[in-house]
Structure formats: C-alpha cells, structure tokens
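Okay, so here's the structure we're looking at.
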Amino acid sequence: MPKINSVTELNELRELAKKNLGLQKKKVLVCCGTGCVAGGSLIIYDRIKKACEEKGIDVCVELQHEPHENNIALKKSGCHGFCEMGPLLKIEPLGILYIKVKPDDCDEIIEKTILNDEVIDRLLYKLDGKTYQSQEEIPFYKKQTRLVLANCGQNDAEDILEYIAKGGYTAFEKALFNMTPDEICQEVELSKLRGRGGGGFPTARKWKQVQRQAEPVKYVVCNGDEGDPGAFMDRSIMEGDPHKMLEGMMIAGIATGASEGYIYVRAEYPLAVSRLNVAISKAREYGLLGENILGSDFSFDIHINKGAGAFVCGEGSALTASIEGSRGMPRVKPPRTVEKGLFGKPTVLNNVETFANVPLIISNGAEWYKGIGTENSPGTKAFALTGNVVNTGLIEVPMGTTLREVIFDIGGGIKNGKNFKAVQIGGPSGGCLCLLDEHLDLPMDFDSLKKVGAMIGSGGLVVMDDSTCMVEVSRFFMNFTQNESCGKCVPCREGTKRMLEILEKIVGGKGTVEDIEMLEELSDTISSTALCGLGKTASFPIQSTLRYFRDEYLAHVVDKKCPAGDCQALKNYYIDKDLCKGCSKCARNCPVNAISGEIKKPFVIDTEKCIKCGACVDNCAFKAVKEG
C-alpha cells in the first residue's frame, strides 16, 4: 500500500475499506484477547480457517483486498469482556454469540451456523431458564455503555483498514486541519475529561501546561503499565483497539506541539505489545505516523518501551525515569512532569483509557461527552470486575453507575448464593467499601468515592463475599505494596514493612489492641510523609477496613477468632464425641501427633500441640472434627 499523502487520499482509502467491509457477507469474530487465548481461542481460529479452506470456502482475513461475494470474514477480535464465558465466538450479521467454545465445536459451527444460519442452542448463554442468542440481550452487556470498548470484540484487532472504515483517524484529521492547538485543548477542557489512570486529574489542564512551555522539544507519554492486581482494562484496549489509543496520542501531539510519543507497557503483556507493534507499523506504512503526516507540517512518531512490571513505575516520574534507562523511582516535585518530564522536557502523561477517550470527544464534541456520566465526572469508565461475583470480566459503564448495578445487574450477584460483604476498588491504593446502602447505592465517580475513603484508581473492582476476612485482605494488599516499594523514602520503605509485620501478627493470632492503634498511627504518618502518590495511598486498604470493619480487627486481637473463619492460625479444632467412631484416621494423619485416643472410642485434640493444619478435617470420614 503506497503512503497516504493527503486528506483526499485518506478519504478515498476509507471509502474503499468501507466497500470491502460491506462485501464481507458473514463475519466470524473469534475473541483473541489474553483471557480467551489462554482458553484456546487461537486453536479455534486456526481450526475454523483450515476447515473452511478444506471445504473450498473463501476465507478473508483482511480488508486490503476486495473479498469475493460468497466469502467468510474470519477475524481475531479483541476482548469481548465476558471473560467468565470464554472462549467467545461471534457471528455477524446473525448476531449470534457462542460461549465456552471448544475446538471440537468448530466443524458443527461451520456446517450449521456459518453455512446454513442454524443456531446451536447448547453454545448459547443461558440464565434462569432463558436463552440469549445475541450479545446485546445478555444482562451482562445490557446495562453497559461501551464507547472506549466499542470496537473490542467487534473489529479485527490488527487491521488498520477496518479501523479506518469505521471512522478511525477522522478525529485526528479534524484536529490536524480544522482546529488549532488551543481549540483542541479547549474542547477537551469543555468535555471535563479526567484522567482514567488514578486520581482523576483534569486532562486539559496537563495539556495546556505542556503547551505553554517555551521548550521546543516535548513528549507525549502513554502509561500502559497497569500494575494493580486484577486490573486489565488498559491491556484489553491495547490488544483490542490499539489505533484508538494511538489516535488520542497523536491529537495530544498536535495540541501540545510534541513530535514524539512513547508507550510504556509492561513486558508481561506480550499480546498487547505485539498488537501495538503491528498498529504502529501499519500507521507508519500508511503515512499516519512519520514526517509531514497527510501532507501537513505536522510530524509525529510513537515508540514502545517495555517495563519490568514494577508497580511504582505507574507513578509519572518513576515511569519516565524507567524509559530513560534509569531505575524507576519517583523524584521530589516540583518541577512536575509537565515542566520537566521525559529526558527533562515538558511531557504530557496520560493512561491508555484517557487517550482512547480523546478521539470520541474531538469527533462528537464536548457537549455530547458531557451528556454521559455525571456533571463533574463525564463519560464512561472501564472496570475489571473480578472476585466472588458470578460474571467476571471487562465492563464499561457511565460514570455515576452504582455499585449495586455493577455487582448485581451486570455481575449477576455473588457466587454460590453467598452474601455480599465488600468491594475493593482502586487496587492497592484504594479502599474497601462494605455492605451498606450508602455504599451499594453510591455513584461510582471520582468525587463520590473520595468522600468515603476510596478511589476509582485505574478501575479494578474486586468483589468479596461473607467468607472473606477483611484483616487478611489488608495484609494481602500491604504485602503487595511493601514488595513493590521502591525503597527511596523512609516512610514507605520502613512504614509499610512495619504495618505488614503487625498485620501478619494479627492474622497469626498474636495481635493486641495496641497493634491496632499502631496501625492507625503508622497509616496517618505514611499518608502524610511518603514521597510519591503510591506511598501516600499505601495505607488506604488499612484505613478503610479499620473504618468499616473494626469489629473484625477486635475479634482477631481480643477474642482470638476470625469471624470469617479464613485465618488458619485462629482456627480451633475439636472432635465431636457423638460423631467420632474411634477409627484413629485423624490421629494417624496428624503431622504433630496432637490427637490421641483409643480405637472405637472418641479421640481428643491437644490444642496446645495443634498447628491448625486441617489434616484431621480432611481425613475424617464422619465429619466429627469441627471448628469452634
């Protein structure tokens, strides 16, 4: 394909791509996001392709060439979002979504659905006796508003022409030829777009600060590091719709006068890296990246830097230091990144989802964008819904959607009929919200969550049921934070270590009331004195669980019991004399000889010797060993 040198050539290419897309009479979209790939979706893709070719069916895998009239368009799409039901396969224009597809299903799918439009009922999603044929009807999708994720699961993730055919790069074209840098910043400011990577800082404010710097060399940096446990929103965008993010970065380049962009993505995201490399290569090939883009005087290129997976590199100054080849450690501010960022130059730094919102705003206008979400938090937010919820996966909802709607309407409620207890929102830097009407009906936006001691963060949502120990949850997140501390400042390096020691002491059954008081004191000190934002928020899980679940802490240190029955060291085992048959199996399997007795008579556990391993419970055929 020759390089595009003008808007006219771009629009001619778009019309050709639209025509070829329209000629694809039947489209088979195999979910090839990381989750479904792990479930075998690439095998399914290859099996369908090979079987179609063996049957003499014309298989079209890209839009570069005009397809034959009776063809099958086979596409590797990005994440559909319904990860719990993967691997997923969608067939258009029939509107059929098949779930949990296996390689052995491929021949039947080809014969019945692809060739004869028959629906295979057993591969459809079913809930409460109802069968759902189309994706849009499924409750998991019905309450979502997929804007940033609109193409994920609908497009070939590696085909730039399909992105262009569906309006891709029209926002860039508009920004480049019909708007001034000031007008671009003004439009983003009017939209009230706030950063989707953490604290919700106004995006336009960063852009304007970089724009006004006198330094001629400036950079646009995209944070695709995504270090929160359980979060995969940015990864899914990079895998499923990389050009939307690239387009947002290019518009930021026009607005701020930058000519180079960097994407910082963790090396643990090999599929995202691969798709980004393909997208950047294709954009260069078509002349959308490089020198004098579309015949203008604007030049811009994008590079990828792979990080080693350090959580602290999600912080701006640590991230830019890592790109530069230095150890990823935060620095004292000011100067801030907008003044002296990458290579000491003014730098716009936003995350993947933030940049992916920009083309939507430029194309549709700020007023359209403000019509979605809440007044001070417009637009949508992508969340990774995980934990003890029926439907886990990637979702996108308008800002202000309540936790109740997300957990019970979209997520389908709590697994195994258990009761909802809490939700961890915002990753290790976020807080735990409990089962209160004021929390379940809380609008999920930046300001509402901040009022109750939580934060949206990058968008991780971990749902917990009533078998979850909130003290152990705090210990888990503190262990993560302490391991990921860069060690530069004393409050974070030593404070998180001390808090982890105290939490381990409490879940180990050796805690005291004074330990709780020390946790509170350390939390306040670290929040006030840590160098970077990650250190300042490290104690949020402790602060929120102490605020809403203090009784669980007291039960651990006063009663020496774990109300959730989750902490092994606080379990006490005894043998019910009425149920014990005296078989001695429990005694024979006890690793410390803590069980004694006579055959055919009830046995007894010596609680002083017992190490709470649970071997006696596992080996008792009569369920005589109890916790109490």
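Remember, it's a predicted structure, so these values are computed and weren't measured experimentally.
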Exercise. Should we count NZ of K450 as having more than 12 external heavy atoms under 6.0 Å?
Worked result: no
Seminar exercise, completed: Contacts of Q482 meeting side-chain hydrogen bond (donor to acceptor under 3.5 Å, both in side chains) (sequence neighbours excluded), chain-then-number -> none
For this session: Provide the closest heavy-atom pair for P359 versus A356 in the form atom of the first, atom of the second, distance.
Result: CD-O, 3.6 Å
For this session: Kindly compute the distance separating CD (E315) from CG (N223), expressed to the nearest 0.5 Å.
Result: 10.0 Å
Exercise. Does any non-hydrogen side-chain atom of Y45 lie less than 4.5 Å from one of V28?
Worked result: no
Exercise. Is the cationic atom of R475 (NZ for Lys, CZ for Arg) positioned less than 6.0 Å from the six-membered ring centroid of F477 and within 45 degrees of its normal?
Worked result: no
Problem set entry | cation_pi(K381, F383) dist<6.0 Å, angle<=45 | yes
Problem set entry | Side-chain (S377) to main-chain (T374) donor-acceptor, under 3.5 angstrom | no
Exercise. NZ of K306: more than 12 outside heavy atoms within 6.0 angstrom?
Worked result: no
Problem set entry | Under-4.0 Å salt bridge between R284 and D301 | yes
Exercise. Between E291 and S299, is any side-chain donor less than 3.5 angstrom from a side-chain acceptor?
Worked result: yes
Seminar exercise, completed: d(C36 SG, M85 CE) to nearest 0.5 Å is 11.5 Å
For this session: For R493, look at atom CZ and say whether over 12 heavy atoms of other residues, nucleotides or ligands are found less than 6.0 Å away.
Result: yes
Exercise. With side chains defined as the heavy atoms from C-beta onward, is the minimum distance between P378 and M399 less than 4.5 Å?
Worked result: no
For this session: Using distance alone, with no hydrogens and no angle criterion, decide if E339 and T337 have a side-chain donor and acceptor under 3.5 Å apart.
Result: no
Problem set entry | Donor-acceptor contact below 3.5 Å, side chain R327 vs main chain C486 | yes
For this session: Taking only Lys NZ, Arg NE, NH1 and NH2, and the carboxylate oxygens of Asp or Glu, determine whether R146 and E396 approach each other closer than 4.0 Å.
Result: no
For this session: Determine yes or no for a side-chain-to-main-chain donor-acceptor pair under 3.5 angstrom, with K370 supplying the side chain and W368 the backbone.
Result: no
Exercise. Quick one: ring pair (Phe, Tyr, Trp, His ring centres under 6.0 Å) pairs with a partner in residues 226-245, sequence neighbours left out?
Worked result: Y163-H243, Y169-H243
For this session: Please determine, by modelled atom types, if N357 and T354 share a side-chain donor-acceptor pair under 3.5 angstrom.
Result: no
Seminar exercise, completed: One should read off an interatomic distance between K536 NZ and C492 SG, to the nearest 0.5 angstrom, of 11.0 Å
Exercise. When you measure from the side chain of K90 to the backbone N and O of Q154, does any donor-acceptor pair fall under 3.5 Å?
Worked result: no
For this session: State whether the number of non-hydrogen atoms from other residues, nucleotides or ligands found under 6.0 Å of L271 atom CG is greater than 12.
Result: yes
Exercise. Residues in side-chain contact (heavy atoms from CB on, under 4.5 Å) with A252, at least two apart?
Worked result: W207, V220, F355
For this session: Kindly assign one of parallel, tilted or perpendicular to the pair F82 and F140, based on the angle between their ring planes and the thresholds 30° and 60°.
Result: parallel
Problem set entry | Charged N-O contact under 4.0 Å between K208 and E189 | yes
Exercise. Is a side-chain N or O of S544 found less than 3.5 angstrom from the main chain of F540, in a donor-acceptor match?
Worked result: yes
Exercise. For residues D241 and N155, is any side-chain donor paired with an opposing acceptor at under 3.5 Å?
Worked result: no
Exercise. Going by atom types only, do E226 and Y269 share a side-chain donor-acceptor pair under 3.5 Å?
Worked result: yes
Exercise. Could K282 and E285 be called an ion pair, given the rule that one side-chain N must be under 4.0 Å from one carboxylate O?
Worked result: yes
Exercise. With a cut-off of 6.0 Å (strictly less than), are more than 12 heavy atoms of other residues, nucleotides or ligands near NZ of K49?
Worked result: no
For this session: Mind checking the CD-OG1 spacing from Q213 to T347? Nearest 0.5 Å is all I need.
Result: 10.0 Å
Exercise. Is any side-chain N of the basic residue among K75 and E162 closer than 4.0 Å to the acidic one's carboxylate O?
Worked result: yes
For this session: Decide whether D445 and S448 meet the rule of one side-chain donor and one side-chain acceptor closer than 3.5 Å.
Result: yes
Exercise. Side chains of T481 and T496: is there a donor and an acceptor less than 3.5 Å apart?
Worked result: no
Problem set entry | K27, NZ: over 12 other non-hydrogen atoms inside 6.0 angstrom | yes
Exercise. Would you find more than 12 non-hydrogen atoms of other residues, nucleotides or ligands less than 6.0 Å from K166 atom NZ?
Worked result: yes
Exercise. Judged by atom type as modelled, is there a donor-acceptor pair below 3.5 Å linking the side chain of R196 to the main-chain atoms of T380?
Worked result: yes
